[in-house]
Amino acid sequence: MIRVRFAPSPTGHLHIGGARTALFNYLFARHAKGTFILRIEDTDRERSTQEYTDSILKGMEWLGFEWDEGPFHQFERLELYKEHVEKLIKEDKAYRCYCTPEELDAKRKALLAAGKKPKYEGTCRNKDLEPRTSNSEPYCIRFKAPQKGNVVFQDICRGEISVNREELDDMIILRTDGTPTYNFTVVVDDVTMNITHVIRGDDHLNNTPRQIQLYQALEYPIPQFAHLPMILGPDKQKLSKRHGAVSVIEYKSMGFLPEAMLNYLARLGWSHGDQEIFTKKELIEYFDLKVVGKAPSVFDIEKCTWVNSEHLKKLSDKELMKWTKPYLEELGIQIADEAYAAKAIHSERERGKTLKELAQITAFYLKEEVLFDEAAAQKWLNENGKKGLKALQNKLFSLKSWDEKILHDTFDAIMKELGISKMVELAQPCRVALTGTTVSPGIFEVMAILGKERVLKRFEAALKK
RNA sequence: GCUCCCAUCGUCUAACGGUUAGGACACGGCCCUCUCAAGGCCGCGAUACGGGUUCGAUUCCCGUUGGGAGCACCA
């Protein structure tokens, strides 16, 4: 039975990189009919907050990553870690270290300055510490790492990784204040939660050999590892705030569909032939960790937006209405007439690449007053334009039926009457009068949807400009 | 500095050692057209570099360069 986990630390919102890691864990679990576990790594009490925990959970829910177990909090498992530390001490696989952070820092700097790798030299490792254990001098616990040979493991994405144990020093597993450190808690947690596959960002690749030593010291089975390539900003640097939106919840407010985010994120580092657009179901069906690439990828908001527009196209009018509604409300629009709003959204659906954009361009239908773009009004609501509008107004007023065909015929008649040869010259003033801008769906479609009453009312207002 | 990892169009990616190196986003052009989209067609554009191995390297090996990560009493 396959068991995977996503283990964010609540020191920030769920960001793009974390979401992608969560996605690959999720897809892997669902594909294999395994278990997906959520674990909050909050041993850093200084930086972890409830606010971030809530935000991460919200992000997970929005993206549709239902977890099967958890969320577990490491902070609630402190006893478990201490038991494991005790075990290692009893077996002489860990020891007390009385070095102060200041001493360590100085040594580290000295080593670095000498061009050497700054690792702990083992000052307390072989010292006879017994006389000091009884006094109250502060100490932390270090892992007594094996020093000979190589740590070798097979990474599902990377292949064989080998590191000489000399590169690894005796890491601290329990801080002076009695709290465990990350490299120790992950191991204890992954083991006790029976994690079979550790799927995480490749910034953890260097930690893996240390963790493997811990598994071995604890005499626990070692899980499979898969290290995912990072997601970078357009400047090829690690994605950060200065690249704009990095937290997934911002993508929600920008009007992205969660399924589109899944789709785009999945295609960063993974592919399935030439296919670009995937439903969540397809992702689950096709996903394969072995196909995941090794090189980091740049997050491209342009392509993400295109993927979103493709998903938008697949929505039914009813679904689209449901998704768009909150964005309309954000613009202060309450939908009174559902059928009318549905027609309005339908007419714009090919034009909006995000839900937010769709709401913005649909707004003119739903707002009482037309908000004029001044440049557009100047250009088209001039003398000539108004002449056409007046002629239209008269004809339209007496129209008995109201559909695109009849409206088109009316336009033709007026163009003939006024000697207008190009449709633009009548269509644009009309468009500006009805929508306030020079851009909209087909003019007859707009008029048909707005209905006679609104059209005439808006003409009236435009003629007064 | 040391260790580990990575390297195909601007970007995301495809290519059992044998392809005119394919697709997608973006970009440019044309068609469609009442505006804007959508759609259709066409175009631009890549194997980082240098050595090997091989009849033949994008593909395998080595080196160089470039990038990333780690070397915390952060996760």
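Letters A, B, ... mirror the listed sequences (proteins, then strands); counts begin at 1.
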Ignoring hydrogens and angles, answer whether the base of B/G23 and the side-chain atoms of A/Glu276 contain a donor-acceptor pair closer than 3.5 Å. yes
Which nucleotide wins on minimum distance to the side chain of A/Lys353, given the candidates B/U3, B/A26, B/A7? B/A26
Once hydrogens and angles are ignored, does a donor-acceptor distance under 3.5 Å link the base of B/A69 to the side chain of A/Asn206? yes
Looking only at side-chain N and O atoms, does A/Thr43 come under 4.0 Å of OP1 or OP2 in B/A75? yes
d(CE, A/Met447; P, B/U35) in whole Å: 16 Å
Distance check needed: B/A69 P versus A/Met230 CE, whole Å only. 9 Å
Cation-pi geometry met for A/Arg142 and A/Tyr120 (6.0 Å, 45°): yes
Taking B/A69, B/C6, B/C2 as options, the one with an atom nearest any side-chain atom of A/Pro296 is B/C6
Proximity to the side chain of A/Glu310 - top-ranked nucleotide from B/C34, B/G39, B/A24: B/G39
For the side chain of A/Gln237, starting at C-beta, report the closest nucleotide among B/A75, B/U3, B/G68. B/G68
How would you label the contact of A/Phe444 with the nucleic acid (heavy atoms, under 4.0 Å): base, sugar-phosphate, or nothing? base
Using OP1 and OP2 only, check whether a side-chain N or O of A/Lys313 sits under 4.0 Å from B/G39. yes
Would you kindly check whether a donor in the side chain of A/Asn207 faces an acceptor in the base of B/G70, or vice versa, at under 3.5 angstrom? no
Can you list everything that forms a side chain to side chain contact (heavy atoms under 4.5 Å, CB included) with A/Glu166? Sequence neighbours excluded, please. A/Asn164
Taking B/A26, B/G68, B/C71 as options, the one with an atom nearest any side-chain atom of A/Arg210 is B/C71
Can you tell me how far P of B/G68 sits from CG of A/Asp235, to the nearest Å? 9 Å
Does B/U35 have OP1 or OP2 sitting under 4.0 Å from an N or O in the side chain of A/Ser440? no
So which one's nearest nucleotide on RNA chain B is more toward 5', A/Leu205 or A/Gly442? A/Leu205
Using ring centroids (six-membered ring only for Trp), state whether A/Trp270 and A/Phe278 fall under 6.0 Å. yes
Taking the nucleotide of RNA chain B with the nearest heavy atom to each, does A/Cys140 or A/Phe299 sit closer to the 5' end? A/Phe299
Base of B/C73, side chain of A/Thr181 - is there a donor-acceptor contact under 3.5 Å? no
Which of the following nucleotides, B/A75, B/A69, B/C71, is nearest to the side chain of A/Asp203? B/A69
Anything under 30° is parallel, anything over 60° is perpendicular, the rest tilted; go ahead and classify A/Tyr139 against A/Tyr98. tilted
Have a look at A/Gly201 and say if it touches a base, only the backbone sugar-phosphate, or nothing, with a 4.0 Å heavy-atom cut-off. nothing
Per atom distances to the A/Lys303 side chain, the nearest of B/A26, B/C34, B/C12 is B/C12
Expressed as a whole number of angstroms, how long is the span from A/Arg158:CZ to B/C6:C1'? 7 Å
Should the ring pair A/Phe444 and A/Phe411 be called parallel, tilted or perpendicular, given that the plane angle runs from 0 to 90° and is split at 30 and 60? perpendicular
For the side chain of A/Pro118, counting heavy atoms from C-beta on, which of B/C71, B/C34, B/G70 is nearest? B/C71
Within 45° cone of A/Phe24 ring axis and under 6.0 Å: A/Arg20 NZ or CZ: yes
With both distances under 3.5 Å as the test, what is the Watson-Crick or G-U wobble partner of B/A48? B/U64
Whole-angstrom distance between B/C71 and B/A15, as gauged at atom P: 34 Å
Looking at the side chain of A/Val439, which of B/A37, B/G1, B/U35 is the nearest nucleotide? B/U35
Per A/Ala427 side chain, nearest of listed nucleotides B/G68, B/C12, B/C34: B/C34
